[in-house]
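Residue numbers begin at 1 in each chain, while the letters A, B, ... track the order of the sequences.
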Protein chains: 2
Amino acid sequence: MSLNELDDEVAALLGDADQRYTSSRRRLISALQAGGGPLTITQIVATDSSLPQSTVYRNLTILEEAGVVTRIVTSDDFARYELAEKLTGHHHHLICTACGDVLDFSLDVGIEATLDSALAIAAAAAGFTADSHRLDLLGTCRNCVEA
Amino acid sequence: MSLNELDDEVAALLGDADQRYTSSRRRLISALQAGGGPLTITQIVATDSSLPQSTVYRNLTILEEAGVVTRIVTSDDFARYELAEKLTGHHHHLICTACGDVLDFSLDVGIEATLDSALAIAAAAAGFTADSHRLDLLGTCRNCVEA
DNA sequence: TCGTAAATGATACTGATTCTCACTACTGTT
DNA sequence: AACAGTAGTGAGAATCAGTATCATTTACGA
Ligand SMILES: [Mn+2]
Ligand SMILES: [Mn+2]
Ligand SMILES: [Zn+2]
Ligand SMILES: [Zn+2]
């Protein structure tokens, strides 16, 4: 998705949620796009210091409700945000248990299909209505292995 | 794993970590065993009100370091704990986004094997050293669908 | 039994996140 | 262009799950 297409899609999603696409929100989207992976609030503010922390928190919540971003919870104390899969495509995360960093990766569509049908069976057996799956790999990133 | 075997295994793991298997810790293990799925601190204290909150927090941290329990992070504000996979076997979680409850489920070993090899390839491509994977299904539990 | 170290639990503290509210910016109307 | 009404902003206060403290109690080994 190009920058302009992304912008249009975000504008449409915010419109559907009766929210404006303000300049703070544009800067947030821009920071997330540039980050290339889930970012903490601290990382976002470091990327664009014109964004006050309270505005970042508030707008990320609004963007999440509008389906524009996704909140990622790992095991450290900081939430992370990334552009929603609707905008970037379905993918998964490599979570470094040493430094907390999160990297994206994707699986072959065949594997995803196999997985989805196995999950559908498991969900049905438990009377659970599944919306999505979340698959993370926990371990140590390249930087932390070298260090 | 029977209750006695569980007890022996927990004792061994705590011993390896130079920790005692005290009565508070026995009560915690018992509550987690009875819970049958990941429990919040509130749920644990509700199950066994003789356990003070500070003791629960401290001992869950110690039990986690000893490899006896696992801390589960979902999307709500409460951490959950369950017996480690070493004791219960590898499995996954159905996470209800309405009420926050977490249920266990397992996948066919064939699917797990397929998944593991796909994940190994993805990890290698990113220079990531993987320890384990975490696969959750997000959706609505039976109770919340009916309600 | 005694000395030492570990565990306990009531309480105070920390810090990421959320809330508040006076102020500013936007949008549509006359 | 001025105005009214509404949405967004941002500095600071409040919240609260989780952690640290420390005086007291308990357990282990000599
Ligand atoms: Mn997937
Ligand atoms: Mn489980
Ligand atoms: Zn790392
Ligand atoms: Zn539920």
Colleague: Between A:L28 (CG) and D:dG10 (P), how many Å, whole number?
Modeller: 11 Å
Colleague: Of all the choices, C:dA16, D:dA11, C:dT8, which nucleotide is nearest to the side chain of A:F78 once you look at every atom?
Modeller: C:dA16
Colleague: I need the CG-P distance between A:L14 and D:dA7, as an integer number of Å.
Modeller: 15 Å
Colleague: If only side-chain N and O atoms of A:N59 are considered, is one of them under 4.0 Å from the OP1 or OP2 phosphate oxygen of D:dG8?
Modeller: no
Colleague: Verify the contact: side-chain N or O of A:S54 to OP1 or OP2 of D:dA11, cut-off strictly under 4.0 Å; return yes or no.
Modeller: no
Colleague: Using heavy-atom distances to pick each residue's nearest nucleotide on DNA chain D, tell me which of A:T22 and B:A79 is more 5'.
Modeller: A:T22
Colleague: Under 4.0 Å between a side-chain N/O of B:Y57 and OP1 or OP2 of D:dT19, yes or no?
Modeller: no
Colleague: Roughly, in whole Å, what's the span from CD in B:Q53 to C1' in D:dA20?
Modeller: 14 Å
Colleague: Return yes if a side-chain donor-acceptor contact under 3.5 Å exists between B:H133 and A:D136, otherwise no.
Modeller: no
Colleague: Between B:F128 and A:R142, is there a cation-pi geometry (under 6.0 Å to ring centre, at most 45° from the normal)?
Modeller: no
Colleague: Just wondering, more than 12 heavy atoms not from B:Q53 lying within 6.0 Å of its CD?
Modeller: no
Colleague: I want to verify a distance call: between D:dT9, C:dG9, D:dG8, whose nearest atom is closest to the A:Q19 side chain?
Modeller: D:dG8
Colleague: Can you find a donor-acceptor pair, distance only, under 3.5 Å between A:R58 side chain and D:dG10 base?
Modeller: yes
Colleague: If I take atom CZ in residue B:R71 and atom C1' in nucleotide D:dA17, what distance separates them, rounded to the nearest angstrom?
Modeller: 9 Å
Colleague: Using a cut-off of strictly less than 4.0 Å, decide whether B:T55 has a side-chain nitrogen or oxygen near OP1 or OP2 of C:dG9.
Modeller: yes
Colleague: By nearest atom, which of the nucleotides D:dG8, C:dA16, C:dA10 is closest to the B:P52 side chain?
Modeller: C:dA10
